[in-house]
There are 2 protein chains.
Amino acid sequence: MGDEQGSIERCSFNVVHKDVVELVKKKMPGDECLFDLAELFKVFGDTTRVKILFALFTAEMCVCDITALLGLTQSAVSHQLRVLKQARLVKCRKEGKMVYYSLDDEHVKQIFDQGLAHISHK
Amino acid sequence: MGDEQGSIERCSFNVVHKDVVELVKKKMPGDECLFDLAELFKVFGDTTRVKILFALFTAEMCVCDITALLGLTQSAVSHQLRVLKQARLVKCRKEGKMVYYSLDDEHVKQIFDQGLAHISHK
DNA sequence: CAATCATATGAATACATGCTCATATGTTAT
DNA sequence: ATAACATATGAGCATGTATTCATATGATTG
């Protein structure tokens, strides 16, 4: 309990509302958690990956079909599928030479729906 | 109907499962919508912005307090607040020299909750 | 009006990332 | 085995982006 606290004071290095900052700090999840959350959303933050996930909402697909659907290089699709897999958003199943990808998450659909709701002009 | 379709055929430029691709294509939202969705998630895909949003879940805060909370430059915070505002995720209110930011969205909380649920090892 | 303070903004920089090209891996068929 | 095919992977490149520094804007106070 120093003498430099109170409701309103100087800013810059100090804080205007010390109580608020303390309260907020208490309620915040740990840094690692927030970092992981941002990492997850980073995965959603790319058109190609969003398209792939949306496609997999409808059906399991092989790399070849996804490539044709998106009109991209097979390599590009494969790279992005790896990202999605590392984030545990999709899983794959081998059948001969083909690899079939499908969703591996129950939350993505709801996250996307909420995102779409926001986009639809609020 | 031509003679190059069917269930299984060559890949590369053609498609293995033409029916699946067609079905998926039909069910996919338009390109612009998918782009906007990715743009929205891109905003969530940064630790600083995630922290700011989490902070605002608890309380309205001025730039100064957010800066102190995050231990960043005031400039960095201001830049990110602009991004959040452009995405219509936060709104601001002026009071003298201070600017108070608060949430401007009902979906973010649920999106974050779903994201956290995914992270918590499924 | 001059000084101080809170916030915003522009330029520069450092770093991340998505795509392509080339090639590797692994599977099926001849 | 060899060829054809589906997918994965690594390097390189081009683009995007988060931060910092310096400074501008706008408000309050003396």
Side-chain angles (χ1 to χ4, degrees), chain A residues 8-17 20-21 34-35 38-52 60-87 90-102, chain B residues 8-17 21 34-35 38-53 60-87 90-102:
Chain A
I8 302 278
E9 52 184 67
R10 201 163 290 140
C11 189
S12 295
F13 305 91
N14 283 330
V15 184
V16 178
H17 309 279
V20 173
V21 174
L34 295 170
F35 178 81
E39 287 299 304
L40 174 65
F41 288 131
K42 214 170 277 181
V43 175
F44 295 142
D46 173 78
T47 312
T48 299
R49 289 192 291 265
V50 166
K51 283 179 183 173
I52 292 175
E60 174 190 68
M61 292 180 86
C62 68
V63 179
C64 187
D65 288 346
I66 299 175
T67 301
L69 175 71
L70 302 188
L72 285 180
T73 313
Q74 175 270 319
S75 177
V77 172
S78 209
H79 277 298
Q80 298 303 348
L81 284 170
R82 186 155 63 89
V83 174
L84 291 170
K85 200 177 167 192
Q86 279 174 344
V90 304
K91 60 177 186 286
C92 63
R93 167 179 78 81
K94 279 190 97 168
E95 193 178 312
K97 348 176 202 179
M98 326 271 278
V99 180
Y100 290 88
Y101 281 84
S102 58
Chain B
I8 303 278
E9 53 183 70
R10 200 162 288 141
C11 189
S12 295
F13 304 92
N14 283 330
V15 184
V16 177
H17 309 279
V21 174
L34 295 170
F35 179 82
E39 287 302 302
L40 175 65
F41 288 131
K42 216 169 275 182
V43 176
F44 296 142
D46 174 78
T47 311
T48 299
R49 289 192 291 264
V50 166
K51 282 179 183 171
I52 293 176
L53 290 170
E60 176 191 66
M61 293 180 84
C62 69
V63 179
C64 188
D65 289 346
I66 299 175
T67 300
L69 175 71
L70 301 187
L72 285 180
T73 313
Q74 176 269 320
S75 177
V77 172
S78 208
H79 278 296
Q80 297 303 349
L81 284 170
R82 188 156 60 90
V83 174
L84 290 170
K85 201 176 167 196
Q86 280 173 343
V90 304
K91 60 178 184 287
C92 64
R93 168 178 76 81
K94 279 191 97 168
E95 194 178 312
K97 349 176 202 180
M98 325 271 279
V99 180
Y100 290 88
Y101 281 84
S102 58

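Residue numbers start from 1 in every chain, and the chains themselves are labelled A, B, ... in the order their sequence lines are given, proteins ahead of strands. The structure displayed is predicted, hence computed values, not measured ones.
When distances are taken from the side chain of A:K94 to each of D:dT7, C:dA8, C:dG26, the shortest belongs to C:dG26. Comparing D:dC5, C:dA6, D:dT7 by their closest approach to the side chain of A:V63 singles out D:dT7.
Between B:F41 and A:F41, the ring planes lie parallel to each other; the angle is under 30°, not in the 30° to 60° tilted range.
Applying the 4.0 Å criterion to OP1 and OP2 of D:dT9, one finds that A:R82 has a side-chain N or O inside that range. For A:Y101 and D:dA8, the shortest distance from a side-chain N or O to OP1 or OP2 is below 4.0 Å.
As rounded to whole Å, 7 Å separates atom P of C:dA8 from atom NZ of B:K85. Straight-line distance from the CG atom of A:L81 to the P atom of C:dG18: 13 Å, rounded to whole Å. Distance A:I66 CD1 to C:dC19 C1': 17 Å, rounded to the nearest Å. D:dG16 atom P lies 22 Å from atom CZ of B:F41, rounded to whole Å. For the pair B:R93 CZ and C:dA6 C1', the computed distance is 15 Å after rounding to whole Å.
With a 4.5 Å cut-off on side-chain heavy atoms, A:V21 and B:I66 do not count as touching. Looking only at side-chain heavy atoms (C-beta outward), B:K42 and A:K42 stay at 4.5 Å or farther from each other. No side-chain heavy atom of A:T67 sits less than 4.5 Å from a side-chain heavy atom of A:L72. In this structure, A:F35 and B:K51 have side chains that are not in contact, with every pair of non-hydrogen atoms separated by 4.5 Å or more.
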Within the sub-3.5 Å range, which N or O atoms of nucleotides 18-23 of chain D have a protein N or O partner, and how far apart are they?
| residue | atom | partner | partner atom | Å |
| --- | --- | --- | --- | --- |
| D:dA18 | OP1 | B:R49 | NH2 | 3.0 |
| D:dA18 | OP2 | B:R49 | NH1 | 3.0 |
| D:dT19 | OP1 | B:T48 | OG1 | 2.5 |
| D:dT19 | OP2 | B:Q80 | NE2 | 2.7 |
| D:dT20 | OP2 | B:T73 | OG1 | 2.5 |
| D:dT20 | O5' | B:T73 | OG1 | 3.4 |
| D:dT20 | O4 | B:H79 | NE2 | 3.3 |
| D:dC21 | N4 | B:S75 | OG | 2.6 |

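Shown here are the side chain to side chain donor-acceptor pair (under 3.5 Å) partners of B:Q86, two or more places apart in sequence or in another chain: there are none.
When each of B:G96 and A:K97 is assigned the nucleotide of DNA chain D bearing its nearest heavy atom, the one mapping closer to the 5' terminus is A:K97.
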